[in-house]
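Residue numbers begin at 1 in each chain, while the letters A, B, ... track the order of the sequences. No experiment lies behind these values; they were computed from the predicted model shown.
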There are 2 protein chains.
Amino acid sequence: MNIKSAVMQLSSIAQEARLEIFRLLVQAGPEGLSAGNIGETLQIPASTLSFHLKELSHAGLIHSRQVSRYIYYSANYEAMNGLLAYLTENCCAGTKECAPLSTCKPTA
Amino acid sequence: MNIKSAVMQLSSIAQEARLEIFRLLVQAGPEGLSAGNIGETLQIPASTLSFHLKELSHAGLIHSRQVSRYIYYSANYEAMNGLLAYLTENCCAGTKECAPLSTCKPTA
DNA sequence: TCTATATTTCCATAAATATGGAAATATAGT
DNA sequence: ACTATATTTCCATATTTATGGAAATATAGA
């Protein structure tokens, strides 16, 4: 992870609509949801949704795959965990002042 | 944690200078560093640094305390962990598709 | 091929954010 | 009070980002 990528990923979720989309996908699991499903769930106009999905994709925080006429978007769990690790990297200079915290990681 | 606060916190670190400042403080530990020390380390002009420190403070990701003429800034580890938890909340709808990942948490 | 539906691109406008010099404000030592 | 140093505020400018309608493009079923 480098700082430019991290800023790009953070920027991509530092916006209300996109954070909602991302969390929805994190919770949806590896299968993901179609663009239409996301737009309907979150009440976001198609062009706006498309813009936000592209931002998230471009940052690498989500994946997309085509299934017939639908495009399914899903969280990129590996990227998410890489970002979290970057934020906490060498916390407290690695001293015992810092203890482990458990969070979520999808099974391969 | 609510979405507005999360977006505010993410926005505050979704910028290269501020992410550098934040990571520096996360690594510095609970004691923190003075504004001058941060500016010198990262080569940021005083007015720009002040603007960024205010952004991080306002978002709640860092604390400040005055020590004589210096102002020491430090990471708010509790806020950071709250944000990470929000991002991964109910990951994969809580199914066994998701396994725990360990990251960093400062001891009280 | 025709039609319906899904999604994206184009575009203009509106709004938010970043930058750093100069001046102002604090704090402490003499 | 005077001086030196630390930090913030003010301000104008430059840059980036968000919005959504209309048109374009893709996909599949009849």
Side-chain angles (χ1 to χ4, degrees), chain A residues 3-25 28 31-76, chain B residues 3-25 28 31-76:
Chain A
I3 194 151
K4 305 271 187 202
S5 307
V7 165
M8 210 170 170
Q9 294 184 345
L10 288 167
S11 296
S12 80
I13 50 174
Q15 203 276 347
E16 195 163 326
R18 289 198 297 267
L19 183 53
E20 286 186 325
I21 294 166
F22 182 69
R23 296 210 330 136
L24 182 64
L25 293 178
E31 296 298 302
L33 300 170
S34 69
N37 188 335
I38 297 168
E40 192 180 24
T41 302
L42 301 177
Q43 288 294 299
I44 300 172
S47 68
T48 299
L49 177 64
S50 185
F51 169 76
H52 288 313
L53 287 171
K54 188 157 62 173
E55 291 287 305
L56 288 164
S57 277
H58 190 227
L61 279 183
I62 64 176
H63 287 131
S64 67
R65 67 182 204 284
Q66 180 136 12
V67 177
S68 167
R69 267 183 304 180
Y70 302 84
I71 295 180
Y72 276 76
Y73 287 91
S74 55
N76 179 346
Chain B
I3 193 150
K4 306 272 188 203
S5 307
V7 165
M8 209 169 170
Q9 295 184 345
L10 288 167
S11 296
S12 79
I13 50 173
Q15 202 277 346
E16 195 164 326
R18 289 198 297 267
L19 182 53
E20 286 186 326
I21 293 167
F22 182 69
R23 296 212 328 138
L24 182 64
L25 294 178
E31 296 299 303
L33 299 171
S34 68
N37 188 336
I38 297 168
E40 192 179 25
T41 302
L42 301 178
Q43 288 294 299
I44 299 173
S47 68
T48 300
L49 177 64
S50 184
F51 169 77
H52 289 313
L53 287 171
K54 187 156 64 171
E55 291 288 304
L56 289 164
S57 277
H58 190 227
L61 280 184
I62 65 176
H63 287 132
S64 67
R65 69 183 203 285
Q66 180 137 11
V67 178
S68 167
R69 267 183 303 181
Y70 301 84
I71 295 180
Y72 276 75
Y73 286 91
S74 54
N76 180 345

With the side chain of [X] defined as its heavy atoms from C-beta on, choose the nearest nucleotide among [options].
| X | options | result |
| --- | --- | --- |
| B:Thr48 | D:dT8, C:dT19, D:dT19 | C:dT19 |
| A:Tyr70 | C:dT8, C:dT9, C:dA6 | C:dA6 |
| B:Ala46 | D:dT7, C:dA18, C:dT8 | D:dT7 |
| A:Ile71 | C:dA18, D:dT19, C:dT8 | C:dT8 |
| A:Pro45 | D:dG20, D:dT5, C:dT7 | D:dG20 |
| A:Ser47 | C:dA18, D:dG21, C:dT19 | D:dG21 |
| B:Leu53 | D:dT8, C:dT17, D:dT27 | D:dT8 |
| B:Arg69 | C:dG20, D:dT8, C:dT27 | C:dT27 |

(request) Taking only the side-chain nitrogens and oxygens of B:Tyr73, find out if one of them lies under 4.0 Å from OP1 or OP2 of D:dT8. (result) yes
(message) Tell me whether the side-chain N/O atoms of A:His52 come closer than 4.0 Å to OP1 or OP2 in D:dT19.
(response) yes
Tell me: [atom1] of [X] to [atom2] of [N], nearest whole Å?
| X | N | atom1 | atom2 | result |
| --- | --- | --- | --- | --- |
| A:Tyr72 | C:dA6 | OH | P | 11 Å |
| A:Leu49 | C:dA6 | CG | P | 13 Å |
| A:Gln15 | C:dT17 | CD | P | 11 Å |
| A:Glu20 | D:dA18 | CD | C1' | 15 Å |
| B:Ile44 | D:dT8 | CD1 | C1' | 15 Å |
| A:Gln66 | D:dA26 | CD | P | 11 Å |
| A:Leu42 | D:dT19 | CG | C1' | 16 Å |
| B:Lys54 | D:dC10 | NZ | C1' | 10 Å |

(message) Which heavy atom of B:Ser11 sits nearest to which heavy atom of B:Arg18, and what is that distance?
(response) O-NH2, 3.3 Å
Filtered N/O pairs between nucleotides 11-15 of chain C and protein, under 3.5 Å:
none

(request) Measure the shortest side-chain to side-chain distance between A:Leu33 and A:Tyr73 over non-hydrogen atoms and say whether it is less than 4.5 angstrom. (result) no
(request) Evaluate the side-chain proximity of A:Leu19 to B:Val7: yes if any heavy-atom separation is below 4.5 Å, no if none is. (result) yes
So what does [X] hit on the nucleic acid, given a heavy-atom distance under 4.0 Å: a base, only sugar-phosphate, or nothing?
| X | result |
| --- | --- |
| A:Ala35 | sugar-phosphate |
| A:Ser34 | sugar-phosphate |
| A:Ser68 | sugar-phosphate |

Rounded to the nearest 0.5 Å, how far apart are [atom1] of [X] and [atom2] of [Y]?
| X | Y | atom1 | atom2 | answer |
| --- | --- | --- | --- | --- |
| B:Glu31 | B:Tyr72 | CD | OH | 9.0 Å |
| B:Glu55 | B:Gln15 | CD | CD | 9.0 Å |
| B:Glu20 | B:His52 | CD | NE2 | 10.0 Å |
| A:Ile62 | A:Phe22 | CD1 | CZ | 9.0 Å |

(message) Which nucleotide, if any, forms a Watson-Crick or G-U wobble pair with D:dT8, using both distances under 3.5 Å?
(response) C:dA23
Can you give each donor-acceptor pair under 3.5 Å made by side-chain atoms of residues 35-50 of chain B, sequence neighbours left out, with the distance rounded to 0.1 Å?
from, atom 1, to, atom 2, distance (Å)
B:Asn37, OD1, B:Thr41, OG1, 3.1
B:Thr41, OG1, B:Asn37, O, 2.7
B:Gln43, NE2, B:Glu40, O, 3.2

